[in-house]
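Bear in mind that the values here come from a model prediction, so they are computed numbers and not experimental data. Just so you know, these numbers use all the heavy atoms, side chains as well, and skip hydrogens, waters and symmetry mates. Index from 1, following the sequence.
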Amino acid sequence: MEGGNQTSISEFILLGLSNQPEQERLLFFLFLIMYLITVLWNLLIILAIRTDSHLHTPMYFFLTNLSLVDICFTSSSVPKMLANYLSGNKAISYVGCLTQVFFFIGFGGIDSVILASMAYDRYVAICAPLHYTMIMTQKVCASLVAVCWIWAFIHSLIHAVSLTRLSFCGHNEIPHFFCDLIIVIRMACSDTLLNDLLVYTVGGLTGVMPFIGILISYMCIFITVLKIPSTHGKKKAFNTCGSHLAVVCLFYGTVIGVYFNPMSTHTAQKDTASAVMYTIVSPMLNPFIYSLRNNDMKRALRMLFSRKLCLSL
């Protein structure tokens with residue numbers, strides 16, 4: 001590299017969650033199991049929805065995309081962490097670190113915007129049920145998802161390219177199990193004003209705007225549900241939103257804990273623990289939340305398992 005892109009560091013060291021060999025072995029098996037559960041269960045959700053014609057609706061179309069993104073989001077950081085634990089080599093190349101930042105931010109952004117799209121779908125279903133089929137057409141749903149993917153990767157590309165202008169010298173240890181954008185920016189020994197501005201502007205749009213959209217959608221839903229005269233009707237309306245609300249709280253609760261708290265409250269251990277929640281635990285729990293609380297998903301999964309069982313006999 002030359003000029004503004006000059007750096008004397010060719011690799012970073014991911015310190016991970018522990019530096020004790022015994023703990024690292026335990027963490028390796030723990031996160032390997034969690035990663036396999038995440039991938040396999042999300043794939044089952046996708047297969048169940050694709051093979052059951054009753055689930056070819058906007059809500060499950062968004063859920064299919066959410067499951068796919070959860071697999072990709074987790075895969076942007078966990079396999080490298082597992083490889084580091086297995087090999088004992090915690091190094092990640094400079095290019096590898098920038099690549100990890102790109103995909104992590106990209107899939108995280110898609111996750112956020114898809115959750116907002118699902119909230120909008122629930123808003124239309126409850127607040128404008130007579131116009132639902134006219135509003136939530138296949139073209140509209142496909143357009144929403146396309147916008148999610150395109151905007152999220154434009155956002156991540158902006159951050160990844162902006163990192164290439166920074167110089168890194170001396171200290172190369174990252175107190176995390178993946179290349180987190182904020183931590184990498186703090187490690188630079190050149191001016192980071194532009195990067196900081198991008199985090200608060202472009203990053204804010206991708207993270208905060210979908211969250212505001214979700215809040216507005218659920219405020220409207222809550223007002224509409226309160227107007228339903230029967231208790232059964234209210235319960236049925238809230239049940240259609242319960243799974244989505246649980247996933248939103250799990251995802252945004254941990255993200256806010258890491259990125260939107262005062263800097264004085266941050267510690268490496270606290271940030272890493274919160275990151276484990278939204279990068280590993282949340283994608284693993286999402287399919288369980290949707291399958292255990294949803295009778296249609298339970299039926300589709302039973303049909304999928306019975307079909308596979310019949311084919312194996």
Side-chain angles (χ1 to χ4, degrees), residues 32-76 78-79 103 106-108 110-126 129 132-150 152-153 236-248 250-251 279-313:
L32 175 61
I33 292 169
M34 293 172 72
Y35 178 65
L36 291 176
I37 291 173
T38 299
V39 173
L40 293 175
W41 200 253
N42 276 291
L43 283 175
L44 281 174
I45 292 289
I46 295 171
L47 286 173
I49 293 172
R50 297 299 298 172
T51 55
D52 190 338
S53 59
H54 295 96
L55 300 184
H56 292 176
T57 62
M59 182 175 74
Y60 292 106
F61 172 72
F62 290 127
L63 180 55
T64 299
N65 279 273
L66 181 66
S67 293
L68 175 61
V69 172
D70 278 344
I71 293 172
C72 297
F73 182 50
T74 304
S75 298
S76 67
V78 176
F103 284 111
F107 289 121
I110 297 170
D111 226 336
S112 176
V113 184
I114 284 182
L115 287 173
S117 300
M118 295 174 79
Y120 176 69
D121 172 74
R122 292 299 83 207
Y123 159 77
V124 176
I126 293 173
Y132 181 79
T133 55
M134 292 184 291
I135 297 174
M136 299 304 294
T137 62
Q138 187 175 4
K139 183 178 180 181
V140 168
C141 294
S143 298
L144 282 172
V145 170
V147 168
C148 291
W149 283 78
I150 293 170
F153 277 111
K236 184 178 179 182
F238 278 127
N239 281 342
T240 64
C241 304
S243 298
H244 180 254
L245 266 176
V247 171
V248 167
L250 187 62
F251 179 79
T279 59
I280 304 174
V281 178
S282 180
M284 181 185 71
L285 293 181
N286 287 352
F288 288 99
I289 292 171
Y290 274 102
S291 60
L292 294 177
R293 289 182 54 89
N294 190 304
N295 290 328
D296 290 333
M297 277 304 311
K298 289 178 185 177
R299 188 197 70 249
L301 287 168
R302 282 196 296 268
M303 290 175 58
L304 179 65
F305 284 127
S306 62
R307 189 179 296 117
K308 296 297 182 183
L309 184 60
C310 290
L311 290 174
S312 63
L313 293 177

Check: If every non-hydrogen atom of Ile49 is compared with every non-hydrogen atom of Tyr60, which pair is closest and at what distance?
Finding: CD1-O, 3.7 Å

Note to self: Check the orientation of Trp41 and Phe288. Use parallel for under 30°, tilted for 30 to 60°, and perpendicular for over 60°.
What the structure shows: parallel

Margin query: If we ignore hydrogens and angles and just use 3.5 Å, is the side chain of His56 paired with the main-chain N or O of Thr51 as donor and acceptor?
Written below: no

Notebook entry, point to check: For Thr279, does its backbone N or O pair with a side-chain atom of Thr74 as donor and acceptor, under 3.5 Å?
Noted result: yes

Checklist line | Passing option when Ser117 is tested against Cys148, Pro58, Cys141 for side-chain contact (heavy atoms from CB on, under 4.5 Å) | finding: Cys148

Check: What closest approach, in Å, do Phe107 and Phe73 show between heavy atoms, and which atom pair accounts for it?
Finding: CB-CA, 3.7 Å

Next item on the list: Check the pair Thr64 / Leu55 against side chain to side chain contact (heavy atoms under 4.5 Å, CB included), numbers first and verdict last.
Entry: CA-CA 10 Å; Thr64 299; Leu55 300 184; over 6 Å; no

Note to self: Using the rule given for side chain to side chain contact (heavy atoms under 4.5 Å, CB included), can you reason through Leu115 versus Leu66, listing the C-alpha separation, both sets of side-chain angles and the distance that settles it, and then say yes or no?
What the structure shows: CA-CA 8 Å; Leu115 287 173; Leu66 181 66; 4.2 Å; yes

Check: With side chains defined as the heavy atoms from C-beta onward, is the minimum distance between Asp111 and Asp70 less than 4.5 Å?
Finding: yes

Check: Which atom names give the shortest non-hydrogen contact between Asn65 and Phe61, and what distance separates them?
Finding: ND2-O, 2.9 Å

Check: Can you tell if the side chain of Leu63 reaches within under 4.5 Å of the side chain of His244, non-hydrogen atoms only?
Finding: no

Next item on the list: Specify the closest pair of heavy atoms between Ile45 and Ser67, including all atoms of both residues, with the distance to one decimal.
Entry: CG2-OG, 3.4 Å

Item checked: Qualifying residue for side-chain contact (heavy atoms from CB on, under 4.5 Å) with Leu68, from Ile46, Leu43, Asn42 -> Ile46

Margin query: Using every non-hydrogen atom in the two residues, find where Pro79 and Tyr35 come nearest and quote the distance to one decimal.
Written below: CG-OH, 3.7 Å

Notebook entry, point to check: Taking all non-hydrogen atoms of both residues, which atom of Ile114 and which atom of Phe62 are closest, and how far apart?
Noted result: CG2-O, 3.9 Å

Note to self: Donor-acceptor pair, distance only, cut-off 3.5 Å: does the side chain of Asp52 make one with the backbone of Ala48?
What the structure shows: no

